[in-house]
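In what follows, every heavy atom counts, from backbone to side chain, and hydrogens, waters and symmetry copies are set aside.
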Amino acid sequence: MSTFLEQYHGVNPQVEGAQAVSYFWGLMTAGCLIGMILLKLIDCKRLLQISGGLTIILLLAALFGSKEAALIAFPAVGFSISMMYSIVFSLALNSASQHYGSFAGILCSAIVGGAGGTMIISMLADATSLRTGMLVILVFVGYITFIGFWARPLINNKTISLKELFRKRKG
């Protein structure tokens, strides 16, 4: 992110670039917390679709927008993407009827395999451009977003409407 901002927008990587990375991680933390709350209000499949779509829009704005847009959109990607992992993990385990332990191990192994994505991005960036390399992220995010349409959980997450939530607090 910092390198991209320097190459394409002339941003000082040690000041504004580092600040954008810092905001990314801060918003990622906030996104996890807000995501937990949203899971009580929105079906997990729908939330995955929304966060995936938002991530795609923000990433495109970061990669093709102005300096100002990139400085806002890159950190905001951290917010939207942070909700996706736990939802995918939950949907995957909730779609299996047996062998949960083995399935969880496979999912955890995929985290390590995810590091291969950065290798693909960097190899493509070296061969073409950093922007082109970072477009690969859209493939990964698109696939994860697709899971929100494809998954068939055995049990849907229990949600509560805002009206019910406020009714409980009054009573």
Quick one: does [X]'s side chain get under 4.5 Å of [Y]'s, heavy atoms only?
{"X": "V141", "Y": "M84", "value": "yes"}
{"X": "Y8", "Y": "K67", "value": "no"}
{"X": "M123", "Y": "I120", "value": "no"}
{"X": "L39", "Y": "L47", "value": "yes"}

Membership question, hydrophobic clusters at under 4.5 Å side-chain separation (ILVMFWY): are [Y] and [X] in the same one?
{"X": "V77", "Y": "I34", "result": "yes"}
{"X": "Y143", "Y": "L124", "result": "yes"}
{"X": "F74", "Y": "I56", "result": "yes"}
{"X": "I42", "Y": "I147", "result": "yes"}
{"X": "L60", "Y": "I144", "result": "yes"}

Rounded to the nearest 0.5 Å, how far does [atom2] of [Y] lie from [atom1] of [X]?
{"X": "Q49", "Y": "C44", "atom1": "CD", "atom2": "SG", "answer": "10.0 Å"}
{"X": "R46", "Y": "L41", "atom1": "CZ", "atom2": "CG", "answer": "14.5 Å"}
{"X": "F79", "Y": "L58", "atom1": "CZ", "atom2": "CG", "answer": "10.0 Å"}
{"X": "N12", "Y": "E16", "atom1": "CG", "atom2": "CD", "answer": "7.0 Å"}
{"X": "L59", "Y": "L138", "atom1": "CG", "atom2": "CG", "answer": "4.5 Å"}
{"X": "L71", "Y": "L5", "atom1": "CG", "atom2": "CG", "answer": "5.5 Å"}

Just by modelled atom types, is the C32 backbone N or O under 3.5 Å from a matching donor or acceptor in the S82 side chain?
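Yes; judged by distance alone, with no hydrogens or angles, the pair exists.
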Within the side chain of S2, is there an N or O that forms a donor-acceptor pair under 3.5 Å with the backbone of P13?
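Yes, S2 side chain to P13 backbone: donor-acceptor pair under 3.5 Å.
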Shortest non-hydrogen contact from A70 to H9?
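Closest pair (atom of A70, atom of H9, distance): CB-NE2, 3.8 Å.
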Between L48 and T145, which heavy-atom pair has the shortest distance, and what is it?
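Scanning both residues, the minimum pair turns out to be O-CG2, 4.4 Å.
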Give the table of side-chain donor-acceptor pairs shorter than 3.5 Å for residues 129-137, with sequence neighbours excluded, one pair per line with atom names and distance.
| residue | atom | partner | partner atom | Å |
| --- | --- | --- | --- | --- |
| S129 | OG | T132 | N | 3.2 |
| S129 | OG | T132 | OG1 | 3.0 |
| R131 | NE | L63 | O | 2.6 |
| R131 | NH2 | L63 | O | 2.9 |

Does a sphere of radius 6.0 Å around CZ in F64 hold more than 12 heavy atoms from other residues, nucleotides or ligands, not counting ones at 6.0 Å or beyond?
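Check passes, neighbour count above 12.
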Which atom pairs, one a donor and one an acceptor, fall under 3.5 Å between side chains of residues 17-28 and the rest of the protein, sequence neighbours left out?
| residue | atom | partner | partner atom | Å |
| --- | --- | --- | --- | --- |
| Q19 | NE2 | Y23 | OH | 3.1 |

